[in-house]
**Student:** 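Take this structure, written in structure tokens, and hold onto it; I'll ask about it next.
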Amino acid sequence: ELTGTLKKIKDTGVITLGHRESSIPFSYYDDKQQVIGYSQAMMLIVVEAVKADLKLAKLDIKLLPVTPSNRITLLQNGSLDIECGSTTNNTERQKQVSFSTTIFIIETRLLTKKTSGIKDFPDLAGKNVVTTAGTTSERLLRKMNEDKQMGMNVISAKDHGEAFLTLETGRAVAFMMDDALLFGEMAKARRASDWTVVGTPQSFEAYGCMLPKGDPAFKSVVDDALAKAMKSGEAEKIYAKWFLQPIPPKGLNLEFPLSDAMKALYKAPNDKAYD
Amino acid sequence: MAYNWNWDVFLQPTATGDDTYLGWMFYGFKMTIALSLSSWLIALAVGAVVGVLRTVPNRGLSGLATAYVEVFRNIPLLVQLFLWYFVMPELLPLAWGDALKQTNPILQQFFAAMLCLALFTSARVAEQVRSGINSLPPGQKNAGLAMGFTLPQTYRFVLLPMAVRLIVPPLTSEFLNIFKNSAVCSTIGLLELAAQGRQLVDYTAQPYESFIAVTLAYLLINVVVMFGMRWLEERVRVPGYIGGK
Amino acid sequence: MISMNKVSKHYGSFQVLSDCSTQVEKGEVIVVCGPSGSGKSTLIKCVNGLEPFQSGEIIVNGVSVGDPKTDLAKLRSTVGMVFQNFELFPHMRIVENLCIAQVKVLGRSPDEARAKASSLLERVGLSEQAGKYPGQLSGGQQQRVAIARALAMDPICMLFDEPTSALDPEMVNEVLDVMTELAQEGMTMMCVTHEMGFAKRVATRVIFMDQGRIVEDDSKDAFFEAARSERAQQFLAKILHH
Amino acid sequence: MISMNKVSKHYGSFQVLSDCSTQVEKGEVIVVCGPSGSGKSTLIKCVNGLEPFQSGEIIVNGVSVGDPKTDLAKLRSTVGMVFQNFELFPHMRIVENLCIAQVKVLGRSPDEARAKASSLLERVGLSEQAGKYPGQLSGGQQQRVAIARALAMDPICMLFDEPTSALDPEMVNEVLDVMTELAQEGMTMMCVTHEMGFAKRVATRVIFMDQGRIVEDDSKDAFFEAARSERAQQFLAKILHH
Amino acid sequence: MHEFDWSSIPGAWPFLWDGMVISLQITITAILVGIVWGTLLALMRLSSIKPLAWFAAAYVNLFRAVPLVMVLLWFFLIVPTLLESLLGLPRGSDVRLASAITGFALFEAAYYSEIIRAGIQSVSKGQMAAASALGMTYGQSMRLVVLPQAFRNMIPLLLTQGIILFQDTSLVYVSALADFFGAAYKVGDRDGRLVELLLFAGAVYFVICFSASRIVRHYQNKMKVA
Ligand SMILES: Nc1ncnc2c1ncn2[C@@H]1O[C@H](COP(=O)(O)OP(=O)(O)OP(=O)(O)O)[C@@H](O)[C@H]1O
Ligand SMILES: Nc1ncnc2c1ncn2[C@@H]1O[C@H](COP(=O)(O)OP(=O)(O)OP(=O)(O)O)[C@@H](O)[C@H]1O
Ligand SMILES: [Mg+2]
Ligand SMILES: [Mg+2]
């Protein structure tokens, strides 16, 4: 007997997907306002699996853009069935929502101008550094500043785009964020070749799809679908499409090779948080 | 609704460990107050001058004042905020812009927000001042002039004292608006009340507690301002005049 | 003392005053009357430069009002004016209403100004009200204060624009009495008013206006006994018969 | 037709009317006068229930005004009222001002209402203005329209509250003329007014009020020749002498 | 100085236009609903039935105390859930537009009701007395005499409030709804041309609001003459 999210999807014939608007290359709009990206592709695999599992002839997809500040609330209040974007799986969030099998593993690093002379985090002492509000990077950065008495000025921008603008206009010397997203921001820049990603990774983070809490049946459908895609090599193809080939909007190639952590993930899918 | 209410969240230490969440909210509250009050003082001063200029017989001056009001009234606050914060430094000469950007970012955000709120509100204050002056009987200006006052003296001794009293009630709502509008300033990263509320959601995933707390804080500000302005209204009331005792 | 020579004024294409000329000698009391909208208020406001005019000339006490070089504020401080709606300053006490211009314009000391104010309030019978606000007085009292306020500047002449028409009928006389006294003391006055009783009692001359023109400018007796123009006769008939 | 019996009214502790009693017979013209604030307007507004009163009784055409069961709207539609400030409806043309209540209150057909309106406008000499808005008329014309509007309801009596005191002096007579005519045709009228000429011409009785009391209630001749109370004599002296 | 690159604007026309349509949709619906509901609130506030007056006063003061951003968040995140759990409705998927319109309409009604209340009070008491004296009931007097004048007096203020409302639609960014400002921001963000798009959005808002306020001014002058 179906319960929870699956029952709701079966009854209504509709699944509502939460996506991001400018998390390149995970989940963002192309120039025709279509949602594309690595996470979006993974989410569509999940949707297919749900459709098959429920033996539905037709499953309508509704898309709802979310922001870092409203995504959890929207999932909790039932506006969303699933959210795949660039959401880090951590224990705090697990109190409110549950996470699927990890879909991506990133490291938090720095984006800076090639000519800035910044090589690693200690170089940031006494400088203006930007990060995006509400992210784990913000916490790490503030904590580092506090613990090591670095005297940085931490700017919390509303979203990645604003953070990058802060960097680009010279307000900050570096932008700390998930490395994949930093490559994504570079892809939008006026002159992508001016920028570089540097620094010792400060953390590993696991991106997962957010699911309503306490719905194991739905989670297992989602997890199985993702695990299957990873083991079958389909996930790696999707990875190649978004990280090793030119992507919209400007046809830039991120040239972001598959990390060891990702290889391990694809071999042994899991939903472990890193904190 | 499957929601884990947790009001204790405010007493928990924050993720960065330097404070409790309640402390964050309080910081945001102080920021909102500081931002709003400083903007309000500027808005009053600028608005009074511009509002008076709109009523003077000199066409050049009143045209200038009108242009000022139209520009600041007809662009959404949110857009103005972005323009002040992101665009203005780009339009300055390079050296100035760079110098500006190297200052403490919290100060940059604060001053951009303050300037933006102040000028945006000053246009509205100017309109109130103008309508206050225009709503005085036209004979008052003539009476002042006929006594031998110069035009500036007429404004200073006759028109403004009454106009200011007349516009206390509409100014109350502009004053309240400035607190409310300050919530928009979180979009450039300024950590005022609404922003701290949102941070709390980001960090603790307890949206309802945070929303309720922030809403109550705004209500509190509102009540205090309303009582304050009502007290002021009583204070400046002219005996025997409409609405007076 | 006041001399007007072919004064004209228009708003756009609308002619408010056309070629108005008259002379007022020291000590004369001139009553200006005429139908509503005929330009009486405008004429009288031109005398102290409250309304600008486009052509013609007005000389008050040897100073040309229309001349851009004239210090209008100074001129106005020597000409008292009383308005239909009193126009006391509502946020000041009565005594402050009387003192402010003495101090700020004439540069008198506050004590001197206060002494002057008291004696004038005494004269209009309102010493008791000195500490009140205008809104707390009746219309007739307010207008008497307004007259005292104008007198406080020691004006060389006084202009009145329908000083009694906003008053309750009972209060008209208390104001007219003050004006009559003033006239009898030899003050030079120009009064726009429809109080023909007052005109008959103290006017030296009556000016009748219609459509921006001075239609009659007669001695009082000539005017009331045999107004020359038909328009003035009609007007008098309307205004006197009830 | 109108009978008042010991009517009293107060705002809080302030007594506006104290024990006012009088009778108005069909065809009588009553003039009410007295100093400002003496309660004249209040008295007249009590007659058609525009002001509630706390004690006493008013009977209009057999209906008790103070009775909570009385249909006040219906009563008022039979009593015409004219206000100091005309109170025409500024957003309606003159003819619409005359028709609206006929149609909405009396339920007449629009055609019937229009015919009535035309004949009344004719009567007050304003047929030409039917299509204009009130703001485009002079004060005197507006007040004549207001009288026509009240007459359009075929009232059994008319109440006037200082109908001429907001008018320019020239226009007073055109309104008084209409009222005089109405009185001469036998309309029952209660008029608050200070126009003593009008009172002398058409009033059957004069009521003098002071501080909320009816101090005198005399036949016209008795009042003008020998007002009994000192207060009324003073008042007459003030109001007549200028 | 900054080097400007306006090239991303022409390609984004359709998206920007869609955004403008959403802004206008919210503005117009909220104005209409706001005026109707605001009028009712104003009548309640002026009514002699105390509970109604209290309700209206509480409503107006509450909405005027809270920042619009917060109201929009409440209506986006919390109110739909409450309603659904109370009424047992199925979960609608995209409530962004509906919630924005509802939030705006209810919020603006508080402001409109104050304007309309002032409008009613600006009609002289004598008008109500004159209507009553002609035998009209309270309802008739309000409907035929007082309200038409109140609205006529207040049209400039109502329109000005409408212009403010149009500007405030930019705040729907909290629900990621792409109104005109949101659309411009998103295009700018996507293409790395935020500065240009913000300037462009500012100019467009200025042109629209300025023209609208000119029209209001024109209307005001015309009324003064009439
Ligand atoms: N600012 C203005 N613009 C256009 N016309 C004006 C202006 N001020 C006055 N007028 C017109 O000038 C004419 C004369 O006005 P004025 O006030 O001098 O008349 P008045 O004789 O004093 O009338 P009243 O007895 O009504 O006071 C009137 O027709 C008036 O409409
Ligand atoms: N709503 C009110 N609240 C308190 N007092 C009032 C109110 N309305 C009228 N009064 C007072 O009642 C008294 C009588 O008022 P009313 O208008 O009847 O006087 P009136 O004789 O018509 O005077 P006027 O000649 O000035 O029109 C006045 O003293 C007035 O101040
Ligand atoms: Mg005049
Ligand atoms: Mg009265």
Side-chain angles (χ1 to χ4, degrees), chain D residues 41-42 44-45 47-52 71-93 96-108 132-136 142-143 145-146 148-155 157-162 166, chain E residues 35-36 38-39 42-43 46-50 53 112 115-159 215-226:
Chain D
S41 302
T42 309
I44 209 158
K45 283 191 190 142
V47 172
N48 65 352
L50 280 180
E51 293 271 0
D71 180 351
L72 274 181
K74 187 152 171 251
L75 170 76
R76 288 176 189 143
S77 70
T78 65
V79 177
M81 180 146 192
V82 175
F83 299 84
Q84 176 171 11
N85 293 310
F86 332 137
E87 304 298 355
L88 295 181
F89 304 139
H91 58 298
M92 298 179 191
R93 292 170 194 282
E96 289 163 339
N97 261 283
L98 267 73
C99 290
I100 181 110
Q102 292 188 61
V103 175
K104 301 284 178 189
V105 177
L106 301 183
R108 290 186 185 151
K132 291 198 180 157
Y133 284 92
Q136 299 171 303
Q142 288 192 50
Q143 194 61 298
V145 172
R149 181 176 70 174
L151 292 175
M153 307 294 285
D154 291 322
C157 65
M158 292 278 288
L159 309 175
F160 293 82
D161 189 4
E162 308 206 29
Chain E
I35 288 183
V36 171
T39 308
L43 290 176
L46 294 170
S47 114
S48 50
I49 305 169
K50 282 282 171 291
Y112 280 124
I115 294 176
I116 293 163
R117 182 165 71 114
I120 293 175
Q121 286 171 333
S122 79
V123 177
S124 76
K125 282 224 172 81
Q127 287 283 310
M128 192 74 187
S132 307
L134 284 169
M136 291 187 196
T137 59
Y138 177 81
Q140 284 177 322
S141 311
M142 265 295 166
R143 198 157 39 81
L144 300 172
V145 176
V146 177
L147 281 180
Q149 292 184 56
F151 273 107
R152 241 176 48 145
N153 295 346
M154 289 296 140
I155 278 179
L157 276 183
L158 291 173
L159 290 178
I215 296 172
V216 175
R217 179 91 41 86
H218 177 78
Y219 183 88
Q220 235 168 341
N221 290 342
K222 230 175 69 185
M223 264 191 17
K224 235 180 254 163
V225 175

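No experiment lies behind these values; they were computed from the predicted model shown.
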**Student:** Under 4.5 Å from any heavy atom of chain E, what part of Asn85(D) do you find: side chain, backbone, both or neither?
**Tutor:**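 Neither part; nothing is under 4.5 Å.
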**Student:** Which salt bridge (Lys or Arg N to Asp or Glu O under 4.0 Å) pairs, counting each pair once, include a residue from residues 115-135 of chain E, with sequence neighbours left out?
**Tutor:** Glu114(E)-Arg117(E)
**Student:** Counting heavy-atom pairs under 4.5 Å with chain E, which one of Met92(D), His91(D), Gln102(D) comes out on top?
**Tutor:** His91(D)
**Student:** Just so I understand: if I count every heavy-atom pair under 4.5 Å between each of Leu159(D), Leu72(D), Val82(D), Ile100(D) and chain E, which residue has the most?
**Tutor:** Ile100(D)
**Student:** Are there residues of residues 126-137 of chain E that reach to under 4.5 Å of chain D by heavy atoms, and which ones?
**Tutor:**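 Heavy-atom contacts from residues 126-137 of chain E to chain D are Gly126(E), Gln127(E), Ala129(E), Ala130(E), Ala131(E), Ser132(E), Ala133(E), Leu134(E), Gly135(E), Met136(E), Thr137(E).
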**Student:** Sort Leu88(D) into side chain, backbone, both or neither according to what part of it lies under 4.5 angstrom from a heavy atom of chain E.
**Tutor:** backbone
**Student:** If I compare all heavy atoms of Gln140(E) with all of Lys104(D), which pair ends up nearest, and what's the gap?
**Tutor:**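 Of all heavy-atom pairs spanning Gln140(E) and Lys104(D), the closest is NE2-O, 3.1 Å.
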**Student:** Taking side chain as everything from C-beta outward and backbone as N, CA, C, O, which of these in Phe83(D) sits under 4.5 Å from a heavy atom of chain E? Side chain, backbone, both or neither.
**Tutor:** side chain
